[in-house]
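Data first, discussion second: the structure below is written as structure tokens.
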Amino acid sequence: MMKLIADSSANLTMLEGVTYQSVPMTIRAGERDFVDDETLDTHELLDYLAAHNGKSSTACPSLDGWLKAFEGADEIFVITITSSLSGTCASAMAARDVYLQSHPEVKIHIFDTLSTGPEMQLLAEKLAELHAKGLPFDVICEKVQEYLATTHLFFSLKSLHNLAQNGRVSKIAAGAIGILGIQILATASLEGTIQPVEKCRGEKKTCAAMVQKLLEADYHGGKVRIHHAENPEAAEALAASLRGHFPEADIEIRPCRGLCSYYAERGGVIVGFETM
């Protein structure tokens, strides 16, 4: 049996056509631990964080969490958030090494996406598509890695507070966002880090700038996956603008789960797309 596993930053709880499992990450704030599983109330999480003045942090899945997810399959594909900003990929690799000691016949491949959220979803969908074609394990690994070179990520954020608190961006840069409606438009760099590209004022200008960045990145009507942190209006406006350029574009919108909600913060929009 084949199993596709991703950490919860992929914002997926199921995927049609494959056995899919999400391994939860954890958000910690004050005395609260929010486990990013299917029971998490992201609205409550965002409300709590908005009112919380102390420290907060995130934790990658435990070794035991990965080991339990591996059970019952002989071919396993794992998709993780960027290793440049999280220890999740390293945790998965450590679990793989432990698991293979007692299950040497099992095949496990781990993809470090150097990204998060909707770009991880695109990769998961490609894996499911290739598996449905009956391709061998090694061929799927090769083709998915090639596909990853054709996918990209942009995001717009109204706040950088949590990213700054965790050292992902500078506190100086974070201080300029959110004032007078200023939002930041950023991308995932080739190294999997956060690379700011533009500052915008207001939702309309942010939407226009996002569309322009996708076009400049050679988007020409392929898949787009839009994830948002309680901002469906901005997500729908972006989708409508993209369809104005490419009426037949395959665009899907979904809400962020806990981990992406924590970093995107309320109002954030994350966009994964393909250029192939």
Side-chain angles (χ1 to χ4, degrees), residues 9-12 15-17 79 82 113-130 143-160 177-178 181-257 260-261 263-276:
S9 72
N11 296 322
L12 295 172
L15 189 64
E16 187 175 347
I79 299 172
T82 173
T113 66
L114 299 176
S115 190
T116 191
E119 193 170 358
M120 292 173 68
Q121 180 184 348
L122 287 171
L123 211 66
E125 291 175 356
K126 176 58 69 172
L127 268 162
E129 173 191 323
L130 294 172
K143 288 186 175 295
V144 169
Q145 200 63 48
E146 291 173 354
Y147 178 70
L148 185 56
T150 72
T151 60
H152 310 276
L153 189 85
F154 279 96
F155 48 95
S156 62
L157 306 179
K158 295 184 176 183
S159 171
L160 295 175
I177 305 304
I182 298 295
Q183 300 184 43
I184 189 167
L185 188 61
T187 187
S189 72
L190 294 176
E191 296 76 30
T193 58
I194 297 168
Q195 181 179 322
V197 294
E198 191 171 338
K199 292 178 184 177
C200 307
R201 178 168 292 170
E203 295 278 19
K204 288 185 178 180
K205 290 184 178 179
T206 301
C207 179
M210 179 75 81
V211 171
Q212 184 59 36
K213 291 301 178 186
L214 264 68
L215 295 175
E216 291 173 0
D218 202 26
Y219 173 72
H220 50 268
K223 284 185 176 182
V224 179
R225 299 294 178 257
I226 305 173
H227 297 181
H228 65 89
E230 296 195 348
N231 196 353
E233 298 82 6
E236 292 287 356
L238 177 60
S241 184
L242 288 170
R243 289 193 178 105
H245 291 272
F246 305 99
E248 303 301 318
D250 177 357
I251 302 175
E252 180 186 301
I253 298 171
R254 70 172 58 234
C256 292
R257 295 177 61 188
C260 283
S261 291
Y263 281 121
E265 300 189 50
R266 183 170 275 136
V269 175
I270 315 172
V271 183
F273 61 100
E274 60 182 23
T275 56
M276 60 185 298

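Values below: all heavy atoms of this structure, side chains included; hydrogens, waters and symmetry mates excluded. All values reported here derive from a predicted model rather than from experimental measurement.
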**Glu119 side chain to Thr151 side chain, donor-acceptor N/O pair below 3.5 angstrom** = yes
Applying side chain to side chain contact (heavy atoms under 4.5 Å, CB included), name anything that partners [X], two or more places apart in sequence or on another chain.
| X | result |
| --- | --- |
| Glu265 | Ser159, His161, Asn162 |
| Glu16 | none |
| Ala217 | Phe154, Phe273 |
| Ala264 | Leu157, Ala229, Ile270 |

**Asked** Which residues satisfy the side-chain hydrogen bond (donor to acceptor under 3.5 Å, both in side chains) test with Thr82, sequence neighbours excluded?
**Response** none
**Item:** Thr150: partners by side-chain hydrogen bond (donor to acceptor under 3.5 Å, both in side chains), with sequence neighbours left out
**Value:** none
Name every donor-acceptor pair, under 3.5 Å, that has one atom in a side chain of residues 203-210 and the other anywhere in the protein, sequence neighbours excluded.
| unit_1 | atom_1 | unit_2 | atom_2 | d |
| --- | --- | --- | --- | --- |
| Glu203 | OE2 | Lys158 | NZ | 2.9 |
| Glu203 | OE2 | Asn231 | ND2 | 3.1 |
| Thr206 | OG1 | Gly202 | O | 2.7 |

**Request:** Scan residues 207-216 for pairs that pass side chain to side chain donor-acceptor pair (under 3.5 Å), counting only residues two or more places apart or in two chains.
**Result:** Gln212-Glu216
**Asked** Would you find a donor on one side and an acceptor on the other, under 3.5 Å apart, between the side chain of Arg257 and the backbone of Leu12?
**Response** yes
**Request:** Without swapping roles, check the side chain of Thr113 against the backbone of Ser115 for a donor-acceptor pair under 3.5 Å.
**Result:** yes
**Item:** ring-ring contact (aromatic ring centres under 6.0 Å, His included) contacts in which one or both residues fall within residues 181-210, not counting sequence neighbours
**Value:** none
**Message:** Once ring-ring contact (aromatic ring centres under 6.0 Å, His included) is applied, what residue pairs with a partner in residues 234-255 remain, sequence neighbours excluded?
**Reply:** Tyr219-Phe246
**Counterpart residues, salt bridge (charged side-chain N to carboxylate O under 4.0 Å, His left out), relative to Glu191 (two or more places apart)** = none
Can I get a per-line list of side-chain donor-acceptor pairs under 3.5 Å for residues 247-255, giving both atom names and the distance, sequence neighbours left out?
| unit_1 | atom_1 | unit_2 | atom_2 | d |
| --- | --- | --- | --- | --- |
| Asp250 | OD1 | Arg225 | NH1 | 3.2 |
| Asp250 | OD1 | Arg225 | NH2 | 3.4 |
| Asp250 | OD2 | Arg225 | NH2 | 3.3 |
| Glu252 | OE2 | Gln121 | NE2 | 2.8 |
| Glu252 | OE2 | Arg254 | NE | 3.3 |
| Glu252 | OE2 | Arg254 | NH2 | 2.8 |
| Arg254 | NE | Gln121 | OE1 | 3.4 |

